[in-house]
Amino acid sequence: MSKEVKKEEPMEQNVKNGEPGECSQSPHLKPNAKEKEVHTVHSFKWRYKNQMPMLITCSKAGTVENSLRTSEMFKDLHEKNKEKELVIKRNAKAISNHFPCCLIEKEDLLNVMYIGAAKKSEQPPGEAAQPQRKVSSDKLVTFHVATRGGKRIINDIMSNTALKTEVKNISVYAYKGETVKQALQRDGRLDEEIFQKNCVLSELNEEGGTEMSNIVDDLDGKSFEVILLNNPCQSKKQPGSLDNTDMLLNEPQRSGADGNQGPPQQSTASESVNTQTTEESPMPNSSMTPETSPFHQILNSEKMLNLLRSQFEDLVKQMKTQQKVPKLSDVQNLLSVEYGKNTKTCLEVKTAKRLMDLSKSVCQVRINGSAAGSGFLLFDKFVLTNGHVVKNIYDQERGQLRENVTVTFSFESLEQTDSCETVQVKTEVAAFEHHTDVSGYLCDWALLELCPGQALPDGLLKHFGFVPPSGGICIIGHPEGGVKKIDPCFIIPPDHREQAVEKHYEENKECIQLVTDSFFNNRQVLSYDTCFYFWSSGSPVFDEHCNVVAMHSGGYAYENAKCQTQSVIEYAHPLSLIIEQIILKIVETGKFDVLKEFLSCEYPKHQQVMENLKKIVDGRNLTAFKNAADNLEVQNDKRLKTFFELLSQKEEPVLMDID
């Protein structure tokens with residue numbers, strides 16, 4: 001299987017450079033020499049995080065980023081974050097850095113933030129400065145596109161995958177008279193692969209789609225999502241699309257005598273035979289005419305055909321009388337090769353009993369009484385779940401939940417729907433991370449604190465373990481928002497992920513049509529094949545020794561031909577990485593009471609976790625840990641003091657004896 005997808009050269013070469021510039025592909029876009037720049041002096045406000053909004057006055061045509069750069073405060077901020085990517089939000093939608101300033105209105109408040117930068121090859125082309133088109137705002141339109149793909153798209157559609165975790169939609173500007181494809185390619189934030197597929201824009205809450213070749217004039221103010229059309233019978237490619245053979249597997253093409261690939265050519269002899277047989281009747285039950293049929297009579301083949309016909313009847317009789325029944329050993333060998341490993345999914349009784357006992361610590365997370373995800377008690381009264389489970393109700397500035405959140409550890413039967421005991425979650429969140437770090441790794445977890453006063457099961461931290469390279473695992477959680485379930489499955493090593501995806505593709509070619517290769521290269525996550533889909537995020541993943549090694553987080557879902565939800569491959573974040581991130585976060589936010597509870601819980605591999613954490617602290621030179629060592633609360637607590645002293649110790653160089 002090849003991850004490389006052959007891409008056609010874009011038809012619009014000049015629209016990929018980001019800034020509003022000249023586009024020679026459309027006659028509608030040629031600037032009028034007599035056209036005068038229309039730009040009214042206007043003002044708008046911007047702010048960074050929860051800081052005071054600052055006023056910007058724009059006096060000439062340009063981009064939003066150019067206007068922001070007139071502020072000394074913004075320039076200082078931008079310099080500090082020069083390794084990251086700038087995101088500008090207007091009305092909760094992300095606009096591009098080269099968004100025309102004339103479209104920013106007086107009442108607009110632009111929120112500025114920074115996210116992990118995409119790879120250099122994926123940097124939005126809007127970063128490069130281009131000549132500014134001098135047009136008035138009435139010659140521009142703005143439409144919105146969801147950052148997550150819609151129907152039949154199972155992977156990221158944004159060049160920088162971190163963007164989708166921060167905003168649900170992006171705003172795209174366009175010049176009247178240009179095509180959707182030109183506008184999207186100039187915007188630069190969508191993955192180039194969608195222009196190589198048969199993708200269209202589907203208006204939200206409306207029927208119908210808008211093709212990439214459509215003019216943008218009537219799209220102003222509308223919201224869309226990118227979907228992938230399913231048209232396997234399409235005989236002709238649409239501009240900028242690829243047929244099914246280009247989606248996951250590169251079909252071998254015939255090569256000409258010069259070695260260059262090209263379409264297969266018919267021989268002159270075949271053409272002459274075809275012209276002689278045009279009067280023959282087409283094949284029975286076939287809609288093809290002789291002119292369009294791919295089958296042609298072989299030249300001088302009459303003698304061979306008569307010989308085969310004469311032997312056919314005898315061959316059929318011989319096959320009927322000599323029907324070979326396969327030996328039982330043959331069947332056993334086949335099963336041992338194809339299905340032998342599946343017997344390993346059977347659990348030993350003692351393992352099953354132990355998992356049943358550990359399952360008491362697994363809970364369902366509910367928002368306002370409705371299922372939102374899964375989780376598990378990690379230590380003391382702190383529940384771990386995925387950050388995306390509560391992201392929409394989490395106030396990051398205050399560190400609090402805006403809605404009522406509860407958990408239940410006892411929802412194991414449908415009869416318990418209304419009677420199972422629930423535990424209230426505190427409004428203040430102990431720790432939370434949902435962002436992509438500088439290395440491109442997605443941090444996605446939330447540590448929730450339960451209200452005191454109720455009996456709780458044991459925390460699973462004492463059963464902590466590291467992710468094994470292979471073997472069986474078990475996931476316990478609440479898939480589909482239902483009762484607690486357990487699913488034994490196998491680890492899919494990174495080198496075998498392509499094979500797993502290929503299997504799904506071969507069985508559902510018409511449903512899986514857009515898969516990028518970013519997931520295959522991520523060796524930090526644990527991948528496997530499970531039936532745990534929606535509302536199961538936050539479920540603990542156990543290894544063959546009943547150690548909790550990871551937290552189930554997501555997958556790449558699709559709908560098969562029978563309208564059943566399936567997933568190409570699923571993944572979990574290693575618990576070892578999450579523990580390191582939790583400690584870093586609670587020290588950074590000064591929540592030493594949470595750290596004290598964590599340190600009071602004894603668990604295996606503690607020493608190895610501390611060694612890894614020390615390497616992180618030393619490598620990043622984190623000032624929060626240096627300052628914490630002098631904190632009064634730390635000095636008055638023996639356990640905290642020992643912890644910070646251990647992390648602040650400098651390793652003495654080892655002296656070598658030289659003879």
Side-chain angles (χ1 to χ4, degrees), residues 344-366 371 373-386 406-417 419-423 425 445 447-450 452-468 471-491 526 528 530-532 535-553 572-576 578-579 597-598 600-606 609:
K344 291 186 178 180
T345 58
C346 299
L347 298 176
E348 294 181 356
V349 172
K350 65 176 183 179
T351 303
K353 286 183 176 179
R354 191 175 180 190
L355 286 173
M356 288 299 99
D357 186 55
L358 295 174
S359 71
K360 297 176 182 178
S361 302
V362 181
C363 61
Q364 184 179 66
V365 180
R366 299 176 176 179
S374 302
F376 58 96
L377 196 69
L378 184 62
F379 63 93
D380 192 52
K381 55 183 181 295
F382 295 93
V383 165
L384 183 65
T385 186
N386 275 120
T406 57
V407 300
T408 175
F409 295 92
S410 59
F411 183 34
E412 299 177 356
S413 171
L414 292 176
E415 287 74 20
Q416 297 175 292
T417 304
S419 61
C420 62
E421 186 176 0
T422 61
V423 182
V425 174
W445 54 266
L447 190 65
L448 309 178
E449 185 176 359
L450 304 181
Q454 291 182 275
L456 298 174
D458 294 333
L460 294 182
L461 182 60
K462 62 180 65 176
H463 303 283
F464 161 74
F466 289 94
V467 171
I473 54 174
C474 279
I475 309 173
I476 304 178
H478 292 267
E480 306 296 333
V483 299
K484 191 180 298 184
K485 295 181 180 180
I486 179 171
D487 182 27
C489 49
F490 287 105
I491 293 173
L526 174 68
Y528 41 81
T530 178
C531 62
F532 275 33
W535 291 284
S536 59
S537 295
S539 302
V541 180
F542 298 88
D543 65 8
E544 294 175 339
H545 306 290
C546 299
N547 298 316
V548 57
V549 297
M551 181 170 63
H552 179 58
S553 299
H573 295 287
L575 186 58
S576 58
I578 295 175
I579 289 175
E597 296 293 344
F598 174 84
S600 65
C601 179
E602 297 182 359
Y603 61 95
K605 309 288 193 279
H606 170 81
V609 170

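Heavy atoms only: backbone and side chains are in, while hydrogens, waters and symmetry mates are out.
- Residues Val549 and Pro468 form a side-chain contact, since some pair of their non-hydrogen atoms from C-beta on lies under 4.5 Å apart.
- Atoms CG and CZ, from Asp543 and Phe466 in turn, are 12.0 Å apart once rounded to the nearest 0.5 Å.
- Atom NZ of Lys381 has more than 12 neighbouring heavy atoms from other residues, nucleotides or ligands inside a 6.0 Å radius.
- Between Gly538 and Thr385, the shortest heavy-atom distance links the atoms CA-OG1, 4.0 Å.
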Between side-chain atoms of residues 453-464 and protein atoms elsewhere (two or more places apart, or another chain), which donor-acceptor pairs fall under 3.5 Å?
unit_1	atom_1	unit_2	atom_2	d
Gln454	NE2	Glu421	OE2	3.2
Gln454	NE2	Thr422	O	3.4

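- The shortest heavy-atom contact between Leu355 and Cys474 is CD1-SG, 3.8 Å.
- Closest approach of Pro540 and Val548 over heavy atoms only: CB-CG2, 3.8 Å.
- Contact annotation: the side chain of Val383 approaches that of Phe409 to within less than 4.5 Å [non-hydrogen atoms, C-beta and beyond].
- Closest approach of Val467 and Pro574 over heavy atoms only: CG2-CB, 3.8 Å.
- At a threshold of 4.5 Å between non-hydrogen side-chain atoms, the residues Leu377 and Cys363 do not count as touching.
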* **side chain to side chain contact (heavy atoms under 4.5 Å, CB included) assessment of Thr406 paired with Val423** => CA-CA 5 Å; Thr406 57; Val423 182; over 6 Å; no
* Asked: Could you walk me through whether Leu358 and Ile476 pass the side chain to side chain contact (heavy atoms under 4.5 Å, CB included) check?
  -> CA-CA 9 Å; Leu358 295 174; Ile476 304 178; 5.6 Å; no
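- Here the CE-CD distance, from Met356 to Glu412, works out to 8.5 Å after rounding to the nearest 0.5 Å.
- Residues Ser536 and Ile475 are not in side-chain contact: their nearest non-hydrogen atoms beyond the backbone lie 4.5 Å or more apart.
- At least one side-chain heavy atom of Leu447 sits less than 4.5 Å from a side-chain heavy atom of Phe379.
- The aromatic rings of Tyr528 and His552 sit tilted, their planes meeting at an angle between 30° and 60°.
- Met551 has its side chain within reach of Trp445: a pair of non-hydrogen atoms, C-beta onward, lies under 4.5 Å apart.
- Seen from the ring of Phe411, Arg366 counts as a face-on cation partner, given the 6.0 Å and 45° thresholds.
- Contact of the Cys489 side chain with the Ile473 side chain is registered, since non-hydrogen atoms from C-beta on lie closer than 4.5 Å.
- Side chain of Gln364 to backbone of Lys484: no donor-acceptor contact under 3.5 angstrom is found.
- The distance from the CD atom of Glu348 to the CZ atom of Arg354 is 12.0 Å, given to the nearest 0.5 Å.
- Across all non-hydrogen atoms, the minimal contact from Cys546 to Thr351 is SG-CG2, 3.7 Å.
- The shortest distance between side-chain heavy atoms of Leu575 and Leu384 falls below 4.5 Å.
- When every heavy atom of Trp535 is checked against every heavy atom of Ala371, the shortest pair comes out as NE1-O, 3.1 Å.
- Evaluation of the side chain to side chain donor-acceptor pair (under 3.5 Å) rule for Glu449 yields Lys426 as partners, not counting sequence neighbours.
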